[in-house]
Amino acid sequence: MKNKQDCKEECDRSVSQLLPLALWEDSPSFHFMVRKGAPFQKPTAPGVFPGHWGGPRPRPTMPSLLLLAAALLSSWAQLPAEASSWWSLALNPVQRPEMFIIGAQPVCSQLPGLSPGQRKLCQLYQEHMAYIGEGAKTGIKECQYQFRQRRWNCSTVDNASVFGRVMQIGSRETAFTYAVSAAGVVNAISRACREGELSTCGCSRTARPKDLPRDWLWGGCGDNVEYGYRFAKEFVDAREREKNFAKGSEEQGRVLMNLQNNEAGRRAVYKMADVACKCHGVSGSCSLKTCWLQLAEFRKVGDQLKEKYDSAAAMRITRKGKLELVNSRFNQPTPEDLVYVDPSPDYCLRNETTGSLGTQGRLCNKTSEGMDGCELMCCGRGYDQFKSVQTERCHCKFHWCCYVKCKKCTEVVDQYVCK
């Protein structure tokens with residue numbers, strides 16, 4: 001029989017093997033370093049959850065048991081039914097690096113929604129956390145834009161789970177959410193590297209494209225999408241890789257689905273990064289150009305992921321622990337495609353079980369025959385009409401020099417809301 005101290009030491013060694021202590025940018029792939037005494041190898045075993053061990057405990061008295069029960073009941077009343085997620089970094093302010101105390105673990109222990117692996121990475125790369133939060137916020141905003149005219153409009157419901165119970169269903173909508181949030185992290189970290197905000201990376205080191213004209217210079221400071229991709233993969237996927245479910249189980253199928261969609265989001269940012277150039281020369285003659293690697297506008301990334309959402313593949317888990325197509329007549333999805341394992345819930349009515357908020361009270365377009373039209377948006381329940389006054393700038397004129405002066409115009413417009 002092992003005593004508690006032996007178990008604790010063994011668990012510590014497992015955690016050391018699971019997580020990297022250094023991510024070196026000067027290599028095509030990450031080098032993994034572990035604590036002294038642990039094998040030097042890339043970790044392969046997920047599912048390590050460090051526990052807590054202590055010395056001999058005194059026998060609890062009745063008053064202490066009553067206080068403990070009261071505390072537990074209070075905490076349970078405040079806990080949401082949904083598990084918290086790292087997405088909550090978008091809704092909860094993250095301290096800037098200059099506010100951190102070097103080596104201070106409480107900063108990471110206080111951030112909500114992090115898995116054990118993500119918390120370890122936080123302790124090693126505290127300055128990255130603010131930009132992970134920015135990336136998550138960018139992903140959420142893009143999700144809300146892309147689905148603004150759909151029955152499910154990517155609404156955030158609380159600061160812990162962010163999207164609520166609806167993310168517990170492995171639907172198309174969940175697939176898109178995982179992809180666009182992973183893409184947001186790649187985008188934010190890559191840009192932070194270029195702007196010199198992170199000590200572990202700098203400008204892009206991408207090789208000069210072969211098709212770039214010889215007389216054009218390859219330089220400048222490009223977005224470091226290579227580092228952004230690799231760090232986002234380590235951080236975002238850490239939660240999924242720590243889970244250890246039975247092979248062929250529905251839970252394992254959901255983990256594989258999440259990993260696939262995370263990768264699709266990261267690749268969208270990576271593949272869409274392109275060469276940008278600036279002209280030099282007398283009087284703008286453009287006799288010389290300097291070029292560098294630049295991220296695509298995130299709206300274009302969102303548009304592409306929305307197309308992948310529309311063509312997402314329905315999958316199921318096999319006994320061998322692999323995802324396979326539900327309908328074998330379709331093409332096998334590539335790493336850039338989205339996949340889902342559950343049908344989408346009914347988003348027409350509010351449902352506490354599925355997390356659907358329903359469409360009651362949503363604005364709709366009376367003249368549209370699309371998803372934003374009142375017939376489809378309101379699910380046949382009908383709609384109410386009301387008038388609203390809108391104010392906007394109008395009759396703008398340019399005055400020398402140099403300002404624009406506008407008038408304010410108001411108009412009464414008809415609006416329609418689902419019953």
Side-chain angles (χ1 to χ4, degrees), residues 80-82 87 90-91 136-159 161-181 183-184 297-312 338 340 342-396 406-419:
E82 309 82 23
W87 295 327
L91 307 181
K137 184 181 295 185
T138 300
I140 291 173
K141 287 183 177 180
E142 186 59 28
C143 180
Q144 292 174 345
Y145 173 82
Q146 295 292 341
F147 285 82
R148 67 195 184 282
Q149 296 176 345
R150 296 278 186 138
R151 290 172 179 169
W152 180 76
N153 59 355
C154 207
S155 295
T156 57
V157 298
D158 59 58
N159 284 3
S161 64
V162 182
F163 298 107
R165 290 178 181 267
V166 73
M167 289 295 112
Q168 295 180 358
I169 302 171
S171 63
R172 287 175 182 260
E173 292 73 31
T174 299
F176 180 89
T177 306
Y178 273 75
V180 78
S181 56
E297 293 181 9
F298 201 74
R299 178 54 39 80
K300 294 181 179 179
V301 175
D303 291 341
Q304 178 171 316
L305 290 176
K306 182 60 164 51
E307 292 180 6
K308 297 292 185 181
Y309 161 87
D310 292 329
S311 60
L338 301 187
Y340 64 97
D342 297 321
S344 297
D346 180 10
Y347 295 116
C348 287
L349 300 175
R350 187 178 185 88
N351 188 320
E352 297 295 338
T353 302
T354 64
S356 171
L357 299 178
T359 61
Q360 184 179 4
R362 289 278 301 279
L363 290 172
C364 61
N365 186 342
K366 181 182 178 181
T367 60
S368 174
E369 295 181 358
M371 285 301 300
D372 63 326
C374 291
E375 184 64 29
L376 292 177
M377 179 67 73
C378 303
C379 306
R381 298 189 306 270
Y383 53 88
D384 294 321
Q385 178 180 352
F386 69 96
K387 296 184 182 295
S388 65
V389 178
Q390 295 183 350
T391 303
E392 58 183 15
R393 299 171 67 187
C394 60
H395 306 302
C396 297
C406 300
K407 294 182 180 179
K408 289 185 178 180
C409 297
T410 60
E411 64 173 330
V412 178
V413 297
D414 291 326
Q415 291 191 314
Y416 305 91
V417 176
C418 293
K419 290 184 178 180

Going through the distances and angles, do Thr174 and Met167 end up as a side chain to side chain contact (heavy atoms under 4.5 Å, CB included)? CA-CA 6 Å; Thr174 299; Met167 289 295 112; 3.8 Å; yes
With Leu357, the side chain to side chain contact (heavy atoms under 4.5 Å, CB included) member among Leu349, Val157, Val166: Val157
Arg150: what forms a salt bridge (charged side-chain N to carboxylate O under 4.0 Å, His left out) with it, not counting sequence neighbours? Asp310
Can you check whether Cys348's main-chain N or O pairs, donor with acceptor, with Arg381's side chain at less than 3.5 Å? yes
Counting only heavy atoms not in Lys306, do more than 12 fall under 6.0 Å of its NZ? yes
Sulfur to sulfur, is the gap between Cys378 and Cys364 shorter than 2.5 Å? no
Just jot down the salt bridge (charged side-chain N to carboxylate O under 4.0 Å, His left out) partners of Arg350, sequence neighbours excluded, or say none. Glu352
Mind listing the closest non-hydrogen atom pair of Leu338 and Ala179 along with its distance? CD2-CB, 3.6 Å
Between Leu305 and Val180 the two heavy atoms that sit nearest each other are CD1-CA, 3.8 Å
Please state whether the rings of Trp152 and Phe163 are parallel, tilted or perpendicular, taking 30° and 60° as the class boundaries. tilted
Calculate, to the nearest 0.5 Å, the distance between atoms NZ and CG belonging to Lys137 and Leu91 respectively. 8.0 Å
Does Thr177 offer a backbone N or O that forms a donor-acceptor pair with the side chain of Ser181 under 3.5 Å? yes
Under the rule for ring-ring contact (aromatic ring centres under 6.0 Å, His included), what residues qualify as partners of Tyr340, not counting sequence neighbours? none
Quick check against the 3.5 Å criterion: does Gln144 have a side-chain atom that pairs as donor or acceptor with the backbone of Cys154? yes
More than 12 heavy atoms from other groups under 6.0 Å of CD on Glu369: no
Minimum heavy-atom separation for His395 and Cys409, please, with both atom names. CD2-SG, 3.8 Å
Those residues at least two apart in sequence (or on a different chain) that pass salt bridge (charged side-chain N to carboxylate O under 4.0 Å, His left out) with Lys387 are Asp414
Can you confirm whether or not the ring centre of Phe147 sits under 6.0 Å from the ring centre of Tyr347? no
So CZ of Arg151 and CE of Met377: to nearest 0.5 Å the spacing works out to 8.0 Å
How long is the straight-line distance from SG of Cys418 back to CZ of Arg362, given to the nearest 0.5 Å? 7.5 Å
Do you know the tightest heavy-atom contact between Arg165 and Thr353? CD-O, 3.6 Å
Flag, side chain of Ser356 to backbone of Asn351, donor-acceptor distance under 3.5 Å: no
Hey, is Cys406 close enough to Cys396 that the SGs sit under 2.5 Å? yes
State the CD-CZ distance between Glu173 and Phe176, to the nearest 0.5 angstrom. 10.5 Å
So OG of Ser155 and CD1 of Ile140: to nearest 0.5 Å the spacing works out to 11.5 Å
Can you name the closest pair of heavy atoms from Phe386 and Val417 and give their distance? CE2-CG2, 3.1 Å
All N/O donor-acceptor pairs, side-chain side in residues 297-304, below 3.5 Å, sequence neighbours left out:
| residue | atom | partner | partner atom | Å |
| --- | --- | --- | --- | --- |
| Arg299 | NE | Glu142 | OE1 | 3.0 |
| Arg299 | NE | Glu142 | OE2 | 3.0 |
| Arg299 | NH2 | Glu142 | OE1 | 3.1 |
| Asp303 | OD1 | Gln146 | NE2 | 2.8 |

Between OG1 on residue Thr354 and CD1 on residue Ile169, distance to nearest 0.5 Å: 5.0 Å
With Glu375, which residues qualify under side chain to side chain donor-acceptor pair (under 3.5 Å), at least two apart? none
